[in-house]
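Since the model is a prediction, treat every value here as computed from it, not as a measurement. Chain naming here is simple, since letters A, B, ... match the order of the sequence lines and numbering starts at 1 in each.
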Amino acid sequence: MNRARIVLTTLAVGAFAHQADAFCPSYTPQIANCVTAPVAGKNPSDGEWNQLFDLVGRGRWESGPTLATIEDGCSKPSAPRRVAARFPCTLLKAIAMQESRWLQFCVPDRPASQVGAPERTIVSFDCGYGASQVTSGMRKGETPPFDQRRVAAEALYNLQVGATILLEKWNAVACVGDKNPDILEHWYLATWAYNGMSFVNSPNNPNYAAGRPVYNPDVGGAYPYQEKVWGWLEYPPSPAHWVRVLPAYPDRATLPQTGAATTNIPEPACAAPTSCAQKRDVHAAACTGPGGVDGGSEPRIDVTSNETDAGVPLSADVDAAADGGCGCRATASRSPWAAALACGWLGLVWCRRIRRRSRGV
Amino acid sequence: MTRRPIAWAGLAFGAMLTLACGRVVAAEPKASGPTLPAEVVVLATKHGASVRESDVRVVALVASGTNAKANPRTLATVTHAPSGAVRGDVATSAGWQVALVVDTDSRSDFGSALWHVREQGAETVMATGLYRASRPLFVDDHTVLVETGAEGPAPSAEAFRAGQLREDRLAITSVHLGTRARREIYRRKGYTLHLIGRVHREALVYAVDTHGAELVAIDMGSGKVRSLGLLPPVARDFSIDLATKRVVFTLPGDNPKTITIATVDVVSGSQSRISAASDAAPFVTPSGALFAKGAHASWVRATGEFVAPVASNARADWLAVRVVRAGVEETFGEQVQTGASVRLCAPNERCEVIGFRGGGALR
């Protein structure tokens with residue numbers, strides 16, 4: 001009974017979040033330089049979206065755009081090799097949340113000539129289409145290796161093309177850590193490149209507040225693109241969308257920007273975008289269907305199951321969060337409830353230690 | 001021979017005392033004239049990633065003993081992209097004038113526009129195509145400098161793999177607020193031309209490109225450029241100490257828990273590293289540079305020495321202080337003399353401090 005109420009509340013909050021974030025450009029080829037017209041359609045439900053992300057994350061799709069292999073390893077210690085592509089599903093969800101709030105279709109609120117038209121593909125003025133806001137290959141005269149109309153018309157196909165673009169970036173950028181596609185944080189540079197490998201997205205850009213906390217979508221603010229995605233990972237719209245992850249950030253002093261000879265980035269371990277005073281671990285994150293768990297997770301506990309990540313061991317670690325609070329996360333491969341209990345116990349012990357210490361006991 | 005160790009011991013003791021005390025505040029020079037009431041211009045934005053409007057407010061700061069009060073009034077409301085950046089500068093010589101670079105299109109790196117807001121509440125878009133999240137700089141009551149440009153080509157696959165970013169065609173452009181006439185005064189290819197501030201007729205710019213970073217001084221009349229030397233491309237928290245004509249900024253420290261506070265002399269270009277502190281950012285007040293030293297919020301001067309507590313007749317300078325609590329930024333006005341502080345925006349608002357009048361500093 002209680003659980004049903006929690007789920008209903010969660011769904012209501014999620015639905016509200018979508019309405020509150022309503023932003024629906026729908027530019028046509030007559031107005032912008034875009035290749036194909038918006039297509040009428042209905043959005044998948046959040047549950048259906050989760051299934052689509054899960055499918056795309058596994059990388060083994062039967063139909064859709066051609067998927068290249070993925071670079072795996074950076075000699076730290078794994079030797080580089082090419083393997084079948086796969087993606088941290090939670091990352092795909094967070095990117096799509098940043099790009100479109102999980103909207104493939106919406107009722108246009110711009111440009112003026114399209115306002116009030118029936119629900120149809122979200123198309124930005126720069127020809128960003130659908131949930132992934134695919135721009136590559138979507139301008140007039142471009143001939144990409146995928147079906148442009150399906151990008152506009154099908155939510156799954158749109159996510160698949162978005163994932164292939166992300167994969168292209170992954171294969172092009174320098175290494176983060178050992179460049180393991182199963183490690184969420186190793187996608188930091190690829191996520192940056194998904195929006196554009198420009199200094200505007202550099203954490204070292206002095207235009208951004210130096211002591212900024214982790215991006216919180218409930219607060220907003222100007223942040224580099226990949227920091228916004230990392231913030232969404234930490235603050236999902238609801239547990240039904242995905243289970244909260246507290247991702248590690250790379251040390252800003254190690255990031256690329258000067259053409260220095262060594263451009264590979266060490267394993268991310270910072271708890272904040274610009275400060276490594278507090279530490280975090282990296283995450284082996286994947287999806288297991290709707291939300292990743294059954295909707296009953298506690299706010300600061302992240303239990304991530306890795307059904308697609310064979311061989312990742314169970315681990316539970318306690319993280320003293322950057323704000324001095326008592327954070328806890330666990331990574332579980334088989335038993336999320338056991339991990340949650342373990343994490344809760346460890347968190348209680350840790351909190352008591354911290355509080356006793358702060359009282360000088 | 002024996003004096004030096006004693007001096008070092010004294011310094012070390014002083015430093016320990018400073019840290020232990022928690023709050024040792026700067027000795028400000030005596031005010032030469034009557035103290036103006038402090039007013040600060042802020043940009044207040046309701047919390048939320050999809051919020052597209054922000055208020056430009058003037059907040060009058062009043063201190064009574066150790067208590068402080070903020071009286072806000074709204075000058076204008078600006079529209080921007082959701083979670084878009086808005087940066088500003090204030091000219092106060094002839095009433096309030098605010099220049100804002102407003103992110104109107106979050107999907108473009110040059111999608112920002114220059115807004116001009118006046119005391120009467122009138123606001124006008126003066127120019128478009130500005131670098132995202134960049135800061136404008138008043139030259140005088142009629143002219144504002146901005147960072148403009150256009151995206152360059154994507155780097156080659158090899159350059160991309162080597163960590164190079166896209167180099168853009170950048171410029172520092174002056175915009176006349178009366179005629180909207182634009183004039184490029186400096187042009188360069190690179191990552192950013194970050195406007196730090198000005199000293200007399202020169203604008204100071206932190207230029208970053210694939211080769212590193214350089215501090216340059218640009219004569220706003222003739223366009224003549226002086227290099228003030230190379231800097232690490234990870235500098236930030238720039239401000240200018242007008243009293244000593246130095247640019248003050250921070251660099252990463254020797255370990256993750258510290259930062260280094262450094263300066264460049266605007267006249268000679270000489271650089272110095274004056275302090276390493278934990279989690280601190282420098283403040284510059286009209287009466288000289290002061291630095292926050294981490295959670296203890298004690299202060300040191302630009303010359304590096306620790307300073308004595310404020311005298312009772314010191315000038316009433318205010319600082320805008322940004323604090324992160326439970327993952328959320330909060331911004332306060334804090335009177336240096338008394339430590340009285342007051343929130344500058346409502347608890348459910350993001351608060352961007354644009355500038356002070358009447359003896360304040362921000363960071």
Contacting region of B/A154 [heavy-atom separation from chain A under 4.5 Å]
neither
What part of A/D218 lies closer than 4.5 angstrom to a heavy atom of chain B: side chain, backbone, both or neither?
backbone
When A/S124, A/A253, A/G231 are compared by non-hydrogen pairs under 4.5 Å with chain B, the top option
A/S124
Could you tell me whether the side chain of A/P206 reaches within less than 4.5 Å of the side chain of B/Y206, counting heavy atoms only?
yes
Might you confirm whether atom NZ of A/K76 has over 12 heavy atoms from other residues, nucleotides or ligands at distances under 6.0 Å?
yes
With a cut-off of 6.0 Å (strictly less than), are more than 12 heavy atoms of other residues, nucleotides or ligands near CZ of A/R110?
yes
Rounded to the nearest 0.5 angstrom, the OG-CZ distance for A/S198 and B/F110 is 8.5 Å
Options A/P203, A/A172, A/A222, ranked by heavy-atom pairs under 4.5 Å with chain B, top entry
A/A172
Among B/R135, B/K46, B/R166, the residue with the most heavy-atom pairs under 4.5 Å to chain A is B/R166
Region of B/S134 in contact with chain A, defined by heavy-atom distances below 4.5 Å
both
Please flag which part of A/F125 lies under 4.5 Å from any non-hydrogen atom of chain B: side chain, backbone, both or neither.
side chain
Show the nearest heavy-atom pair for residues A/P213 and B/V324, with the distance to one decimal.
CB-CG1, 3.7 Å
Please tell me if the side chains of B/L165 and A/W192 come closer than 4.5 Å, counting only heavy atoms from C-beta onward.
yes
Salt bridge or not between A/E71 and B/R161? Use side-chain N to carboxylate O under 4.0 Å.
yes
Flag the one option from B/E329, B/E349, B/E151 with the top tally of heavy-atom pairs under 4.5 Å to chain A.
B/E329
dist B/D109:CG -> A/F199:CZ (nearest 0.5 Å) comes out at 12.0 Å
So A/R252 and B/V234, do their side chains get closer than 4.5 Å, heavy atoms only?
yes
The interface call for B/V51 against chain A, heavy-atom contacts under 4.5 Å, is neither
Do B/R350 side-chain atoms and A/V219 backbone N/O form a donor-acceptor pair below 3.5 Å?
yes
Highest number of heavy-atom pairs under 4.5 Å with chain B among A/N216, A/L189, A/V200, A/N201 belongs to A/V200
Heavy atoms of B/R236 and A/A209 approach each other most closely as NH2-O, 4.1 Å
Taking A/G220's backbone N and O only, do any of them form a donor-acceptor pair with B/S83's side chain (distance below 3.5 Å, no angle check)?
no
Return yes if a side-chain donor-acceptor contact under 3.5 Å exists between B/H194 and A/N207, otherwise no.
yes
Scored by heavy-atom pairs under 4.5 Å with chain B, the best of A/P217, A/C276, A/G221, A/A174 is A/G221
